[in-house]
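Here's the structure, in structure tokens; my notes come after.
On a predicted model such as this, the values are computed, not experimentally measured, just so you know.
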Amino acid sequence: MSTEPAAAPATATDPSALIRTRGYAVLLVMAAGIGVPVSAVAFGFLALVHELQSLTYHELPRALGFTGTPSWWPMPLLAVAGLLVGLTVRHLPGQGGHPPADGMESTGAPPAPQLPGIALAALASLGLGAVLGPEAPLIALGGGLAVCAARLVRPGIEPGARAVMGAAGSFAAISALLGSPLLGAFLLMETSGLAGMMLGMVLVPGLLASGVGALIFTGLGSWTGLGTYSLALRHVPRAEGPDLAQFGWALVLGLVAALAGTGIQRLAVFLQERVERRTVVATAVMGLVVGAAALVYAEGTGREASGVLYSGQDALDPLLARSAGYSVGALALLVVCKALAYCASLSSFRGGPVFPAMFVGAAGGVALSHLPGLSLTSGFAMGIGAMCVAMLRLPMTSVLLATLLLGSEGLTVMPLVIVSVVVSYVVTLRLAPCPAAARPDRG
């Protein structure tokens with residue numbers, strides 16, 4: 001995944017002095033201009049993913065004579081996806097982008113020759129049902145396209161300015177995806193690890209590009225009738241105020257999420273090391289694993305296999321709105337199957353880890369809300385926050401994802417979410433291997 005701000009501090013220039021220069025004002029203008037085409041490309045990418053999902057999962061089975069989508073359908077579909085992704089990773093420059101099992105890393109905007117491979121691997125993964133989100137490829141594509149555009153406008157652009165333009169492109173690409181430009185800014189800010197004046201120097205152009213991008217997303221969504229592809233909940237039950245019982249559940253949810261997230265991460269890395277030995281065949285096998293998990297869920301609950309497939313972004317609102325229709329057993333099976341499919345997808349496909357982590361945490365929180373002392377909305381929010389921080393290790397972003405998503409009810413549950421996120425974060429860090437024992441960089 002690319003978060004270009006990390007490259008900005010390459011020079012010893014005083015950030016406060018740089019901000020006062022004419023060149024910085026030019027950067028702001030360029031950032032605003034770049035936000036328009038990059039966000040339009042990002043919108044088109046998300047629209048294409050949506051159309052591929054509908055075409056391959058709904059329209060294609062009917063065209064082949066089935067009255068509906070068979071429960072076994074995801075298995076051959078994901079095997080084909082695995083072959084396509086494996087071939088892309090094996091033969092195209094850039095290996096299809098950053099492996100999601102390695103987490104959210106700052107690797108810089110990818111060079112132009114790598115962009116087609118990143119786009120193809122992401123489209124095959126996301127469009128055919130892998131359990132990953134679009135945020136990582138969008139960040140990489142946005143940063144790479146912005147740097148290409150900056151070089152066309154100013155061929156001699158300096159590395160520091162090029163880094164800022166890459167960051168602006170990444171901001172613009174996910175400006176509306178997480179429901180708010182501010183959430184995308186926090187995600188990139190925490191991932192980049194910047195601080196102080198250097199953060200402000202990079203963040204201001206990024207926020208400007210993000211704001212412009214959000215307007216473009218909204219305008220294109222209205223003009224095309226396709227919507228904005230923005231994370232949103234429309235059916236949020238009233239949240240109960242925090243009490244002692246719910247604070248106790250915050251501790252439990254934080255601990256459970258840390259254990260589950262650590263297990264998912266370690267299994268994904270374990271599988272990834274084996275997938276890399278025979279990329280094409282092993283990625284197809286992982287596709288079959290994802291399809292099998294969806295099949296088990298469909299046969300075990302009588303529900304659509306699509307409940308396990310894809311990122312889970314569009315399934316969060318129905319999960320919360322129709323939670324009363326799920327038994328505890330169905331929710332438990334959903335969590336297990338989604339988590340296993342998430343592991344397999346992280347190990348081999350290309351995409352982002354955010355939305356599946358949100359969905360697994362939300363479903364777990366909804367399942368636990370059937371027990372005494374935990375309300376539905378609180379369990380839903382705490383599950384999202386605790387699982388996100390276990391997988392991403394970004395505490396501020398995790399709190400904001402779980403609370404801003406709920407609108408006004410998010411303020412009510414925020415103290416509970418903070419406790420669950422802190423517990424999950426600390427336990428996750430304690431469970432992590434020591435740096436000396438960590439897996440060496442593959443280069």
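The shortest side-chain heavy-atom distance between Leu405 and Met358 falls under the 4.5 Å cut-off. The shortest distance between side-chain heavy atoms of Thr428 and Gln265 does not fall below 4.5 Å. Side-chain contact between Thr403 and Leu411 is absent, with no heavy atoms from C-beta onward closer than 4.5 Å. Side-chain contact between Pro237 and Leu320: present, with at least one pair of heavy atoms (C-beta onward) separated by less than 4.5 Å. Between Phe380 and Val413 there is no side-chain heavy-atom pair separated by less than 4.5 Å. Considering only heavy atoms from C-beta on, Arg350 stays 4.5 Å or farther from Ile118 through its side chain. The closest side-chain heavy-atom distance from Cys388 to Thr397 is not below 4.5 Å. Considering only heavy atoms from C-beta on, Pro353 comes within 4.5 Å of Leu346 through its side chain.
Screening Val354, Leu126, Val290 for a side-chain contact (heavy atoms from CB on, under 4.5 Å) with Leu132, the sole residue that qualifies is Leu126.
With sequence neighbours left out, Ser311 forms a side-chain hydrogen bond (donor to acceptor under 3.5 Å, both in side chains) with no residue at all.
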### Query
Run the side chain to side chain contact (heavy atoms under 4.5 Å, CB included) check on Val389 and Leu394 step by step: do they pass?
CA-CA 5 Å; Val389 81; Leu394 305 175; 5.9 Å; no
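Between Gly352 and Ala136, the shortest heavy-atom contact is CA-CB, 3.6 Å. Annotation for Phe45 and Ala119: closest pair CE1-O, 4.2 Å, computed over non-hydrogen atoms. Heavy-atom minimum distance, Gly142 versus Val38: CA-CG1, 3.8 Å.
Taking OG1 from Thr377 and CE from Met382, the interatomic distance works out to 10.5 Å, rounded to the nearest 0.5 Å. If you take CG on Leu271 and OG on Ser345, they are separated by 10.5 Å, rounding to the nearest 0.5 Å.
Within 6.0 Å of the CZ atom in Phe270, the count of heavy atoms belonging to other residues, nucleotides or ligands does not exceed 12.
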